[in-house]
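Predicted model only: the values in this text are computed from it and were never measured. Labels below follow one simple rule: chain letters A, B, ... track the order of the sequence lines, proteins then strands, and each chain is numbered from 1.
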2 protein chains.
Amino acid sequence: MNIQQLEYIVALDEHRNHVKAAQQCHVTQPTLSMMVKKLEEELDVMIFDRSTLPLKPTPAGETVINKARNILKEIKSLRDSVKIEKDTIEGEFRLGVIPTLAPYLLPRFLNEFLQKHPGTSFTVTELQTQEIVSQLKSNKLDLGILVSPLDDKEIREIPIFYEPILLYTSEKMKYYKQDRVSLKSLTYDNLLLLEEGHCFRGQVENLCTSMGRKVVHQLNYQSGSLETLKAMVDNDYGYTLIPELAVGTKNKNVRHFTSPEPVREVSLAVHHNFIKERLLQKLRDAILKAIPAHFKKNEKVVRVRWN
Amino acid sequence: MNIQQLEYIVALDEHRNHVKAAQQCHVTQPTLSMMVKKLEEELDVMIFDRSTLPLKPTPAGETVINKARNILKEIKSLRDSVKIEKDTIEGEFRLGVIPTLAPYLLPRFLNEFLQKHPGTSFTVTELQTQEIVSQLKSNKLDLGILVSPLDDKEIREIPIFYEPILLYTSEKMKYYKQDRVSLKSLTYDNLLLLEEGHCFRGQVENLCTSMGRKVVHQLNYQSGSLETLKAMVDNDYGYTLIPELAVGTKNKNVRHFTSPEPVREVSLAVHHNFIKERLLQKLRDAILKAIPAHFKKNEKVVRVRWN
DNA sequence: AGATTTGTATTGATTTTATCAATACCAGCC
DNA sequence: GGCTGGTATTGATAAAATCAATACAAATCT
């Protein structure tokens, strides 16, 4: 027995005509005739009485056909349930966001999103990348917003935007007078860094080593927040690199790097089990609407890895 | 999607191990793995999370598996319902019996059968063969007991026994002194016949024509019942042929024919739609138990057609 | 009664699919 | 590092569904 045979007898019962039933099933009449006969042989029961014109189901066939109809309905329901599961965005979701993004990105879109989708709610936690990844895997989180690539087979990344990495410097520093700063011109002394664990620290370090430099500290001050770093710079303790959302561009201490500008790739991250495609789509769209247009990737940028 | 794929995911959910699940499904592990993957691709959803050991269903997979379980249950129910329909003998059945059998055969087995099977009941109607056949076809009857063969594609015959056709003669006739009468020795004058429509009349006529004779009547008396014919013979109005159940053999007016003895084949008749195999079996058995042993066919008889 | 139409079954070739055996891969463990 | 238990991949083979063509069968129409 197979599902198509069930479809064939149901179609044949509806049309009482092999040719029409076959058309509905997108097969030829001999195919349908054969398969119906085969099912009858397997069940060892006549389903249709072919002696009349048009043919009609036998009494036993009636019950078989009705059960077949029911089975097909359930199969359809199985298919649909998957689709619905993917399409519905209603629900409670646990969202992890890295600390260098959360305070700057979330306010830009969350309220509007929640108002637009009253059936959807989030529990947001600020976590570092590794923690987000591990909690996605152990199903303690549903969604993450973080910097990719992660190179983790279990985690699916959906890139959203490319956020420029800027120089944040004080009036005292030589870079202050430049309109755009070359990465190569950076001396890595007095560079203020986030503490270990932040992916953004990894990116800054990667930028340094790609320049063949090593960070040398006179003052070894490592902060857990970009706000602290900015305050340090503002008070002439050196300079730092900072993602654009954390400062904006109108800040007088901010300088863009010369092209190709270093950027970080910000992505939605989910376990491969996560199937709410529509939610991912809606979230991504909402975020894209909430960030500056130039965050969409262009050719003159270089994606900096953090790991 | 096919039924086996559903079986595979259910088995895999139960064993959480491809090898064991494959064994239960009587296929090899690669087959099961492939089919599960194929279903996942078709539904476009991960059903199992293979990153853990042992693997486990994904949240979406759980619902898919449960629905699959349900579908398989219904499929089993379909199969079973056909079997049950065939095996159950309970019910109301409409039985047609030809007049030359009904009063002699039914009393021999019906009461015992009904007592043995309290859930089974019959509505019996005495009808001639053609009427039984046509009512079986139009579903006004479920069962018939009649003389075969019918040569009707829509009707299924289940032969039960072979009833000898006897000579019923009076003391005045020359046959009376013979122990066994040769068919050839019959002169067909003064042969009393049933009226048109009775299959037994057809058989007698066939016997005559097969002997190259034609029935010649001085008295053209045609009766609707064998009882009338017997009474006529008893009063020396001629002789007649008569099936054995209608007289018994101890009657002094009865003579067997010489071998090969003419017999009529008595059968159960049903429409090909009729699937209650067990009922047919039980009925046939009950009838066989209720008739003389020599009614079972032996080589020294000739089956006489009625049509 | 033949001719035509309508509906179903049969046949042989072809394509698709499921299945297998063998083996590669892969992670965890002594 | 080799071993083990579990899964995936591959290429060959067997089984099936399907098709086009056509035969057959019954009903309808001249």
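In this structure, A/Phe48 reaches neither bases nor backbone, as no heavy-atom distance under 4.0 Å exists between it and the strands shown. The residue A/Lys20 sits apart from the nucleic acid: no heavy atom pair falls under 4.0 Å. Within the 4.0 angstrom heavy-atom criterion, only backbone atoms of the sugar-phosphate kind lie near B/Lys153; the bases stay farther away.
A side-chain donor-acceptor contact under 3.5 Å links B/Arg264 and B/Thr100. Between the side chains of B/Lys67 and A/Ser81, no donor N or O sits under 3.5 Å from an acceptor N or O. Side-chain contact of A/Thr58 with A/Glu62: a donor-acceptor pair under 3.5 Å is absent, judged by distance alone. Side-chain atoms of B/Glu131 and B/Gln135 form a donor-acceptor pair, as typed in the model, at a separation below 3.5 Å.
A ring-ring contact (aromatic ring centres under 6.0 Å, His included) check over residues 38-89 of chain B, counting only residues at least two apart or in different chains, returns nothing. Every pair passing salt bridge (charged side-chain N to carboxylate O under 4.0 Å, His left out) that includes a residue from residues 132-141 of chain B is listed here, sequence neighbours excluded: B/Lys137-B/Asp152.
Between the CD1 atom of A/Ile9 and the C1' atom of C/dT8 there is a distance of 18 Å, rounded to whole Å. The NZ-P distance, from B/Lys38 to D/dA8, rounds to 15 Å in whole Å. At whole-Å resolution of the value, NE2 in B/His15 and C1' in D/dG5 are 16 Å apart. Summarising the geometry, the separation between CD on B/Glu7 and C1' on C/dT19 is reported as 15 Å, rounded to the nearest angstrom. The distance from atom CD of A/Gln23 to atom P of D/dC19 is 12 Å, rounded to the nearest whole Å. A straight line from CD of A/Glu41 to P of D/dA17 spans 12 Å, rounded to a whole angstrom. A straight line from CD1 of B/Ile3 to C1' of D/dA16 spans 14 Å, rounded to a whole angstrom. Spacing between atom CE of A/Met35 and atom P of D/dA15 amounts to 16 Å, rounded to whole angstrom units.
Minimum atom distance to the side chain of A/Arg50 is reached by C/dA9, of the listed C/dA9, D/dT7, C/dT19.
Proximity of A/His18 to the phosphate of C/dG7: no side-chain N or O atom is located under 4.0 Å from OP1 or OP2.
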Interface polar pairs with nucleotides 20-22 of chain C, N/O, under 3.5 angstrom:
unit_1, atom_1, unit_2, atom_2, d
C/dC20, OP2, B/Thr28, N, 2.6
C/dC20, OP2, B/Thr28, OG1, 3.0
C/dC20, OP2, B/Thr31, OG1, 2.9

Using the 3.5 Å cut-off, write out each protein N or O paired with an N or O of nucleotides 28-30 of chain C and the distance between them.
none

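The shortest side-chain heavy-atom distance between A/Glu163 and A/Glu265 does not fall under the 4.5 Å cut-off.
Each of A/Asn2 and B/Ser33 lies near DNA chain D, and the nucleotide nearest B/Ser33 is the one positioned closer to the 5' end.
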Which atom pairs, donor and acceptor, lie under 3.5 Å between side-chain atoms of residues 122-130 of chain B and protein residues at least two apart or in another chain?
unit_1, atom_1, unit_2, atom_2, d
B/Gln128, NE2, B/His198, NE2, 3.4

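Partners of B/His271 under the side-chain hydrogen bond (donor to acceptor under 3.5 Å, both in side chains) rule, at least two apart in sequence or in another chain, are B/Glu154, B/Asn273.
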